[in-house]
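By convention in this document, chain letters (A, B, ...) are assigned in the order of the sequence lines, proteins followed by strands, and residues within each chain are numbered from 1. Reckoned from all heavy atoms, side chains included, excluding hydrogens, waters and symmetry mates. Please read these numbers as outputs of a predicted model, since none were measured by experiment.
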There are 2 protein chains.
Amino acid sequence: MTSAADLAGLAALLADETRAGICLALLDGRAWTASELAAYAGVAPSTATGHLHRLVEGGLLVQRRQGRHRYVQLADPSVAQLLEDLSARFEPPPDRTGGLRAATASAALRRGRTCYDHLAGRLGVAVTEAMIGRGLLDNGGGFALTPAGRSWLIDLLGWDPAWPRSGRRPLVRGCLDWTERREHLGGLVGAKLCERFLGHGWVVRIGSGRAVRLTAAGQAALRDQLGITLDGEGV
Amino acid sequence: MTSAADLAGLAALLADETRAGICLALLDGRAWTASELAAYAGVAPSTATGHLHRLVEGGLLVQRRQGRHRYVQLADPSVAQLLEDLSARFEPPPDRTGGLRAATASAALRRGRTCYDHLAGRLGVAVTEAMIGRGLLDNGGGFALTPAGRSWLIDLLGWDPAWPRSGRRPLVRGCLDWTERREHLGGLVGAKLCERFLGHGWVVRIGSGRAVRLTAAGQAALRDQLGITLDGEGV
DNA sequence: ACGATCCTTCGGTGAGCACCGAACTGTCGT
DNA sequence: ACGACAGTTCGGTGCTCACCGAAGGATCGT
């Protein structure tokens, strides 16, 4: 028997626009630092500290301290699921053939989607895993780029990851995928890859959401570049 | 793209303990009057009025005016789903074998569960439908008990529904089942039946949530008493 | 050792809001 | 027509809480 106080307490965590914004930002699966989130939400660092404490206390977020940084992240794929369920009430009505459409929409999301600015879902995970051994090193809990990976990226993107970078965003970063329960590739390289995939029409967005579909050109490119075969399909 | 303000606004509706309690009460699918809810939540009628306005405005509840009464009800099965998703975070962890377990858990809920204090799901609907024509009258949108139904209950429960009752809770009441999209039996009789089913071990709770499972004894009882056959199973 | 950076703790301020009682409107029963 | 009852509107009160700036760790780079 769940008490009303429990439910109210959980809801109160999301009832503030700043905290809600923080949670939505974290929906990308990345771990953000406290000040990144403060800047993103447009509040003072001291204010963000308080919010993060409440969210961690409430079990929605987990934190990891690393030197003088405090990284926070959604606690659990179920939290992401919850946030997406809540957000789903605002998306344009799924309408038309109701249940079926909803089911195929969620299937499409599992198949492929953007996560923040990189690829996720089965597509994102497949690309990531194909890159492992082709230039991406998976050293348990983190990714790294080998020289071979660097030249592969230069060939594919015409972009050298070793170029001096402005921001401090890491080149490669693991990002937990909550439909696949595996990591996919985030970070600057993940974003560049996604940009190129979209730019070349290898994947196209389905509607206005985050779901993407692999095109025929994309299938060919994946076969040539990474030696993997995926069917685009569906809807 | 869902804005943080939307999410915060939705969450704020549930972030108050009184409103949360009202929504949980309405999880039984019944339509309550404003003063019933005020009494239930322990606040003044004027306070309840305000809360109900906000909840209706926010789309979580719908209202129906009938004479001097104002009946409110969850707007939609998806609202009930949302409330259950949120509440699920407080039930002891379903754990073990993760994803599969989650799928079977939701299947178990569809199969049989308690709804407030009576039976719901396929089990609840099957029992209700078997009782129709055996003493339960379905006069479109409401149930009523015939004399035959009364003696059936006396035989089965050793409890006479015609006894003077303390509260004002109706004897029988239809309760919309959002997995079956049919009505099942609520009210005092529904509660007594559920109590007896549990007390006799005809159904047992699965874990500590609301899901229940029909036992072998329960299958026999349903066959003898109502002439229906259901398989218990799963998990 | 030094300053820069990240984060935290601590008052203080202001707005929002949950609550009530009292007065009012509408509906029902007799 | 009358009182009883369901619900509403309207001030007024008090608490919670989001926010900031200033000051104080803690850690990093040099």
Rounded to whole angstroms, how far apart are [atom1] on [X] and [atom2] on [N]?
X: A:W32; N: C:dC6; atom1: CH2; atom2: P; result: 15 Å
X: A:E36; N: C:dC7; atom1: CD; atom2: P; result: 8 Å
X: B:E17; N: D:dC15; atom1: CD; atom2: P; result: 18 Å
X: B:I22; N: C:dA18; atom1: CD1; atom2: C1'; result: 12 Å

task = Check whether any side-chain heavy atom of A:M131 lies under 4.5 Å from a side-chain heavy atom of A:W152, and answer yes or no.
result = yes

inquiry  = For B:H184 versus B:T128, what's the shortest heavy-atom pair and its separation?
reply    =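 Minimum heavy-atom separation between B:H184 and B:T128: CA-OG1, 3.4 Å.
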
Check the interface with nucleotides 13-15 of chain C: list each N/O to N/O pair with the protein under 3.5 Å, or write none.
none

inquiry  = So that I can compare with my own list, what are the stems of DNA chain D, taken as at least three consecutive Watson-Crick or G-U pairs with distances under 3.5 Å?
reply    = C:3-28 with D:3-28

Base versus backbone protein contacts along nucleotides 21-30 of chain C [heavy-atom cut-off under 4.0 Å; B, S, -] = B-----BS--

key: Stepwise side-chain hydrogen bond (donor to acceptor under 3.5 Å, both in side chains) check, A:R89 with B:S78   = CA-CA 9 Å; A:R89 293 194 69 79; B:S78 79; 2.9 Å; yes

request  = Only counting residues at least two apart or in another chain, list the ones meeting side-chain hydrogen bond (donor to acceptor under 3.5 Å, both in side chains) with A:Q66.
outcome  = A:R64

request  = Using the test side-chain hydrogen bond (donor to acceptor under 3.5 Å, both in side chains), find all partners of B:T47 that sit at least two apart in sequence or belong to another chain.
outcome  =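 Applying side-chain hydrogen bond (donor to acceptor under 3.5 Å, both in side chains) to B:T47 gives none.
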
note = In numerical order, the residues of residues 52-61 of chain B whose heavy atoms come under 4.0 Å of DNA chain C are B:R54

ask   = In terms of the nearest nucleotide of DNA chain D, which residue is placed more toward the 5' end: B:A34 or A:D16?
value =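 Its nucleotide being nearer the 5' end, the pick is B:A34.
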
For the side chain of [X], starting at C-beta, report the closest nucleotide among [options].
X: B:H51; options: D:dG7, C:dC19, D:dC19; answer: C:dC19
X: A:S35; options: D:dA18, C:dC7, D:dT8; answer: C:dC7
X: A:R65; options: C:dA18, D:dT9, C:dT8; answer: C:dT8

Any A:R70 side-chain N or O less than 4.0 Å from OP1/OP2 of C:dC6 =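 For C:dC6, neither OP1 nor OP2 has a side-chain N or O of A:R70 closer than 4.0 Å.
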
key: D:dG7 phosphate, OP1 or OP2, under 4.0 Å from B:T49 side-chain N/O   =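 So the side chain of B:T49 is outside the cut-off, no N or O lying under 4.0 Å from OP1 or OP2 of D:dG7.
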
